[in-house]
J.: 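After the structure tokens below, expect a handful of questions from me.
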Amino acid sequence: MELHSQLFPLQQITSTCAKPKYKIKPYEMTDAKRRLQQELIKWRDSKIIKEDLDADDFFGPQMIMSNKILNRIVDLAHYHKILSTASLFEQTSWCYSSEYGQSILDIILTCIPLPIVQPPAPPTVIISLPLGLSSSTNQQPSTSTSATNVIMFASKRSRKCHACGSADHIASNKLCPRYIAKPRKSRSTVI
């Protein structure tokens with residue numbers, strides 16, 4: 001039993017589910033994607049020579065990175081889905097992503113740079129006249145006042161009591177001089 005516990009120590013299993021992989025939609029291969037594919041092939045060939053694995057005629061360069069993984073990287077780079085070595089591993093399950101991932105990211109960014117994100121357009125500003133000014137007076141704000149004083153955002157629509165005409169309350173409010181309390185319906189118990 002002691003040998004068994006040494007060979008198979010208890011481990012915490014955190015999660016058995018992998019993150020979902022991005023589904024590639026069809027796209028047209030551009031020159032930048034072809035260049036990325038060629039650069040990855042050059043990198044793969046140079047790694048085979050550097051690691052002294054070029055004598056293997058059976059696996060060849062695919063020992064470091066298979067064509068399937070290489071094409072998946074090109075597809076994911078098209079949609080800018082590889083932003084870190086962690087996302088490279090999650091999307092490709094490439095066993096060397098922690099070791100060579102940063103150099104793959106560098107190749108991706110040189111061939112297909114990330115798009116420049118434009119800041120969102122400022123929200124549309126609604127200018128309303130202060131209460132008491134009517135649009136018939138045609139008063140223009142002076143240019144000497146600051147923008148914060150000139151621009152007013154639309155607030156809640158002003159409410160007006162239909163019983164007495166006051167803007168302080170509505171007719172169902174007890175503040176209205178013409179307020180009439182409605183009798184409450186009593187709850188009858190059914191036996």
Side-chain angles (χ1 to χ4, degrees), residues 1-128 143 146-156:
M1 188 69 168
E2 187 176 307
L3 179 62
H4 183 269
S5 62
Q6 289 177 353
L7 292 175
F8 304 106
L10 294 177
Q11 295 176 349
Q12 284 284 355
I13 298 175
T14 55
S15 175
T16 57
C17 297
K19 288 190 176 184
K21 293 187 178 179
Y22 185 76
K23 292 183 180 163
I24 304 296
K25 296 174 185 155
Y27 67 94
E28 193 169 324
M29 190 75 128
T30 62
D31 291 335
K33 277 50 168 204
R34 284 188 192 91
R35 195 171 114 229
L36 173 61
Q37 192 172 34
Q38 292 305 316
E39 290 295 322
L40 288 173
I41 290 170
K42 283 181 197 175
W43 175 86
R44 180 177 69 177
D45 291 342
S46 70
K47 281 297 167 193
I48 286 292
I49 293 169
K50 185 178 178 183
E51 299 291 331
D52 199 26
L53 298 171
D54 55 341
D56 187 354
D57 292 332
F58 185 73
F59 289 109
Q62 293 198 37
M63 186 176 281
I64 295 284
M65 179 188 290
S66 69
N67 287 338
K68 183 179 178 182
I69 290 176
L70 190 140
N71 291 331
R72 175 98 175 134
I73 290 172
V74 173
D75 293 340
L76 291 167
H78 172 76
Y79 291 104
H80 304 288
K81 295 296 178 184
I82 301 177
L83 302 174
S84 66
T85 56
S87 63
L88 176 65
F89 179 74
E90 289 169 2
Q91 294 297 322
T92 61
S93 301
W94 183 40
C95 61
Y96 296 114
S97 60
S98 62
E99 189 174 344
Y100 300 122
Q102 191 56 49
S103 58
I104 297 298
L105 289 173
D106 294 340
I107 293 170
I108 291 171
L109 290 176
T110 56
C111 295
I112 305 173
L114 290 175
I116 298 171
V117 179
Q118 296 292 332
T124 307
V125 178
I126 300 172
I127 300 176
S128 64
T143 56
S146 68
T148 56
N149 292 338
V150 174
I151 298 173
M152 288 183 235
F153 293 100
S155 61
K156 280 185 171 180

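The structure presented is a predicted model; accordingly, all values stated were derived computationally and were not measured. The residues of the chain are indexed from 1 along the displayed sequence. Values below: every heavy atom of this structure, side chains too, minus hydrogens, waters and symmetry copies.
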J.: How long is the straight-line distance from CD1 of Ile64 back to CZ of Arg44, given to the nearest 0.5 Å?
T.: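 The CD1 atom of Ile64 is 10.0 Å from CZ of Arg44, to the nearest 0.5 Å.
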J.: Might you point out which heavy atoms bring Leu83 and Leu105 nearest each other, and give the distance in Å?
T.: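 Smallest heavy-atom distance, with atoms named: C-CD2, 4.2 Å.
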J.: Rounded to the nearest 0.5 Å, what's the gap from CD1 on Ile82 to CG on Leu76? Could you check?
T.: 4.5 Å
J.: Are any of the side-chain heavy atoms of Gln37 and Met29 separated by less than 4.5 Å?
T.: yes
J.: For the salt bridge (Lys or Arg N to Asp or Glu O under 4.0 Å) test, which of Arg34, Arg35, Lys33 pairs with Asp31?
T.: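 Answer to the salt bridge (Lys or Arg N to Asp or Glu O under 4.0 Å) test with Asp31 among Arg34, Arg35, Lys33: Arg34.
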J.: Which heavy atom in Ile108 sits nearest to a heavy atom in Ala77, and how many Å separate them?
T.: CG2-CB, 3.8 Å
J.: In terms of the angle between their ring planes, are Tyr100 and Tyr96 parallel, tilted or perpendicular, with boundaries placed at 30° and 60°?
T.: tilted
J.: Output the distance between atom CG (Asp45) and atom NZ (Lys50), rounded to the nearest 0.5 Å.
T.: 14.5 Å
J.: Can you confirm whether more than 12 heavy atoms, excluding those of Lys21, are under 6.0 Å from its NZ atom?
T.: yes
J.: Distance check, rounded to the nearest 0.5 Å: Ser46 atom OG versus Ile41 atom CD1?
T.: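 If I round to the nearest 0.5 Å, the distance is 12.0 Å.
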J.: How long is the span from the CD1 atom in Ile73 to the OG atom in Ser97, to the nearest 0.5 Å?
T.: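 Spacing of CD1 (Ile73) from OG (Ser97) equals 9.0 Å.
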J.: Atom CG in Asn71, atom CG in Leu40: separation rounded to 0.5 Å?
T.: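 One gets 9.5 Å once the value is rounded to the nearest 0.5 Å.
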J.: Return the minimal non-hydrogen interatomic distance between Ala32 and Cys111, and the atom names on each side.
T.: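 The answer is CB-O, 3.8 Å.
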J.: Could you tell me how the ring of His78 sits relative to the ring of Tyr27: parallel (under 30°), tilted (30 to 60°) or perpendicular (over 60°)?
T.: parallel
J.: Could you tell me which non-hydrogen atom of Pro20 sits nearest to which non-hydrogen atom of Gln91, and how far apart they are?
T.: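 Where Pro20 meets Gln91 most closely, the heavy atoms are O-NE2, 3.7 Å.
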J.: Work out which heavy atom in Ile24 is nearest to a heavy atom in Tyr79; give both atom names and the distance.
T.: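 Closest approach of Ile24 to Tyr79: CG2-CE1, 4.0 Å.
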J.: Is the side chain of Ser66 donor-acceptor paired with the backbone N or O of Gln62 at a distance under 3.5 Å, no angle test?
T.: no
J.: Just so I know, are the side chains of Asp75 and Lys81 near enough to count as touching, which here means a heavy-atom distance under 4.5 Å?
T.: no
J.: Which heavy atom of Leu36 sits nearest a heavy atom of Val74, and at what distance?
T.: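 Looking at all heavy atoms of both residues, the shortest contact is CD2-CA, 4.0 Å.
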J.: Is the shortest side-chain heavy-atom distance between Met65 and Ile104 below 4.5 Å?
T.: yes
